[in-house]
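First the structure, in the form of structure tokens, and then the observations on it.
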Amino acid sequence: MDKTALARSLGSPSGFGQSQFAFMRGNAFEARVKADGGAELLRLTQGRLGGGPEPVPGESAVPDLAAAGPEGRAARTALALREATESGGWTLLDHPMLALDVAGTPAFLEPDAVVVHPDGGWTVVEIKSFPMIDGSADAAKVGAAARQAAVYALALERVAARLDPAPRIRHHVLLVCPKDFSNLPTASAIDVRKQLAVTRRQLARLTRVEDIAARLPEGTTFDVRRPAAELTAAVEAVPATYAPECLSACELAFHCRTRAREQGEVTSLGRSVRGELGGLTTIGEILAAAEGASGDADDPAVATLRRAAALRHEALAGAGAGAGASGRP
């Protein structure tokens with residue numbers, strides 16, 4: 001479904017996504033990296049990951065991946081990967097289309113680039129517009145890029161498995177960023193073996209889409225042309241657990257945040273807070289436990305809350321006494 005349109009129809013339009021300025025800047029940087037048949041990108045790939053002799057400008061292949069629809073583009077990408085592996089030269093696949101089975105439904109993915117090395121290895125390339133200063137970039141942004149690239153690498157494994165012999169998918173991806181405060185590209189090899197393992201476990205544990213759909217009320221639809229009340233009921237029929245991290249990853253985050261706050265869900269304060277509070281799942285339960293109105297005193301979470309409440313009362317009482325002694329209100 002189009003979750004952006006769904007969020008608007010629900011009355012909770014999303015601010016998810018890049019600003020227009022950031023989008024244009026990112027596109028301009030990517031175009032620079034891939035200029036001249038990807039000569040600079042291939043040079044950075046060979047310099048950081050090897051896999052063959054230094055590429056000669058103008059002699060590397062950049063196959064046309066155009067086709068009708070995502071299925072057609074995915075098939076054209078698979079064919080181009082096979083041909084590039086057999087050719088034994090440097091090949092740059094610009095915005096290939098990959099398919100990955102997610103909970104029984106194909107998801108189509110479009111990495112910035114995939115490089116095929118002369119030795120037959122395949123490398124995922126992520127091009128980002130955040131700077132790499134003195135050889136390092138913001139750790140949180142690098143981590144997000146690594147998780148994203150790991151999904152692409154996993155999808156590449158599905159393509160490689162259909163070839164004989166299966167090509168090697170490099171577990172190091174190439175992260176390309178602007179160097180220092182310039183617009184010149186630099187690159188770093190990021191090991192994504194941990195992210196690959198985590199992603200495999202997560203995909204294996206996902207509930208299949210058919211199983212989720214089977215539990216929905218008869219006639220449930222997410223057609224954005226339906227009235228807001230009907231759409232709200234349809235969305236509420238699918239269980240969701242909001243956390244602040246959703247704001248950076250989901251178009252429906254504002255809708256779910258409003259619902260979580262209305263219902264006093266602890267997860268609206270963050271998953272780490274929820275993990276510390278054990279069986280206390282609502283803010284009402286937390287406040288009641290802190291004041292001694294409910295909860296098991298032997299529960300470590302309840303005991304900690306009551307201790308914190310006592311310290312707060314003590315601090316506020318001390319502040320009030322201090323203000324009165326000094327004559328200040």
Side-chain angles (χ1 to χ4, degrees), residues 17-18 22-23 26-27 29-34 38 40-51 65 70 73-74 77-78 80-81 84-85 90-102 106-117 119-132 135-161 166-179 185-204 206 245 248-250:
Q18 283 187 315
F23 185 74
N27 279 350
F29 178 68
E30 181 175 336
R32 177 167 188 164
V33 172
K34 294 178 178 177
E40 180 65 12
L41 177 54
L42 293 174
R43 185 189 66 80
L44 290 169
T45 304
Q46 194 276 339
R48 297 294 184 274
L49 296 171
L65 302 178
R73 289 184 59 199
T77 295
L81 283 167
T85 305
W90 288 100
T91 300
L92 170 63
L93 276 68
D94 186 5
H95 284 284
M97 181 66 71
L98 305 171
L100 181 65
D101 183 86
V102 179
F108 292 98
L109 313 171
E110 188 176 351
D112 292 328
V114 171
V115 171
V116 179
H117 300 244
D119 66 1
W122 298 356
T123 294
V124 173
V125 178
E126 270 298 290
I127 303 173
K128 299 297 185 183
S129 58
F130 56 80
M132 194 175 291
S136 62
D138 181 273
K141 294 179 179 179
V142 172
R147 290 189 294 273
Q148 182 180 355
V151 178
Y152 298 147
L154 199 59
L156 271 181
E157 289 182 356
R158 304 296 192 268
V159 179
R168 179 168 64 96
I169 312 300
R170 294 177 179 271
H171 59 255
H172 280 86
V173 303
L174 191 74
L175 176 63
V176 182
C177 299
K179 182 178 181 180
T186 188
S188 177
I190 309 296
D191 191 335
V192 296
R193 280 178 291 185
K194 178 180 178 181
Q195 289 82 358
L196 279 169
V198 170
T199 303
R200 288 191 185 97
R201 288 198 300 270
Q202 290 174 333
L203 288 173
L206 285 178
E245 296 91 328
S248 64
C250 181

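FYI, side chains are in, hydrogens and waters are out, and symmetry mates aren't considered; it's all heavy atoms of this structure. Quick note: residue numbers are just sequence positions, from 1.
Ser188 has its side chain within reach of Met132: a pair of non-hydrogen atoms, C-beta onward, lies under 4.5 Å apart. Side-chain atoms of Arg48 and Thr186, non-hydrogen and from C-beta on, do get closer than 4.5 Å to each other. By the 4.5 Å heavy-atom criterion applied to side chains, Glu40 and Val33 are not counted as neighbours. Looking at Asp112 and Glu30, their side chains come closer than 4.5 Å, going by heavy atoms from C-beta outward. The shortest distance between side-chain heavy atoms of Val116 and Leu81 falls below 4.5 Å. Considering only heavy atoms from C-beta on, Asp191 comes within 4.5 Å of His171 through its side chain. In this structure the side chain of Leu100 never reaches within 4.5 angstrom of the side chain of Phe108, judged on heavy atoms. The shortest distance between side-chain heavy atoms of Glu126 and Tyr152 falls below 4.5 Å.
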Would Lys34 and His95 count as a side chain to side chain contact (heavy atoms under 4.5 Å, CB included) if you check the C-alpha gap in whole Å, the side-chain angles of each, and the deciding distance to 0.1 Å?
-> CA-CA 11 Å; Lys34 294 178 178 177; His95 284 284; 3.4 Å; yes

Test log, rule side chain to side chain contact (heavy atoms under 4.5 Å, CB included), inputs Arg147 and Lys194 | CA-CA 9 Å; Arg147 290 189 294 273; Lys194 178 180 178 181; over 6 Å; no

Under the side chain to side chain contact (heavy atoms under 4.5 Å, CB included) criterion, do Leu49 and Val115 qualify, and how do the steps go?
-> CA-CA 11 Å; Leu49 296 171; Val115 171; over 6 Å; no

Derivation of the side chain to side chain contact (heavy atoms under 4.5 Å, CB included) call for Leu206 and Gln202 = CA-CA 6 Å; Leu206 285 178; Gln202 290 174 333; 5.6 Å; no

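Each of Ile127, Leu41, Leu44 was checked for a side-chain contact (heavy atoms from CB on, under 4.5 Å) with Pro185, and the lone residue meeting it is Leu44.
Nearest heavy-atom pair across Thr123 and Val173 is CG2-CA, 4.4 Å. Among all heavy-atom pairs drawn from Pro111 and Pro96, the shortest one is CD-O, 3.4 Å. Of all heavy-atom pairs between Gly51 and Arg170, the closest is CA-NH2, 3.3 Å. The two residues Gly50 and His117 come nearest to each other via the heavy atoms O-ND1, 2.9 Å. Minimum interatomic distance between Met97 and Thr77 (heavy atoms only, all atoms of both residues): N-OG1, 3.0 Å. When all heavy atoms of Pro167 and Trp122 are compared, the closest pair comes out as CG-CZ2, 3.4 Å.
Note: Gln195 CD to Ile190 CD1 = 9.0 Å, rounded to the nearest 0.5 Å. Considering CZ of Arg200 and CG of Leu196, their distance stands at 5.0 Å, rounded to 0.5 Å. Separation of atoms CD1 (Ile169) and CG (Leu156) is listed at 5.0 Å; rounding is to 0.5 Å.
The existence of a salt bridge linking Glu110 and Arg73 is confirmed by a sub-4.0 Å separation between a basic side-chain nitrogen and an acidic carboxylate oxygen. Taking 4.0 Å as the cut-off between side-chain N and carboxylate O, Arg168 and Glu157 do not count as a salt-bridged pair.
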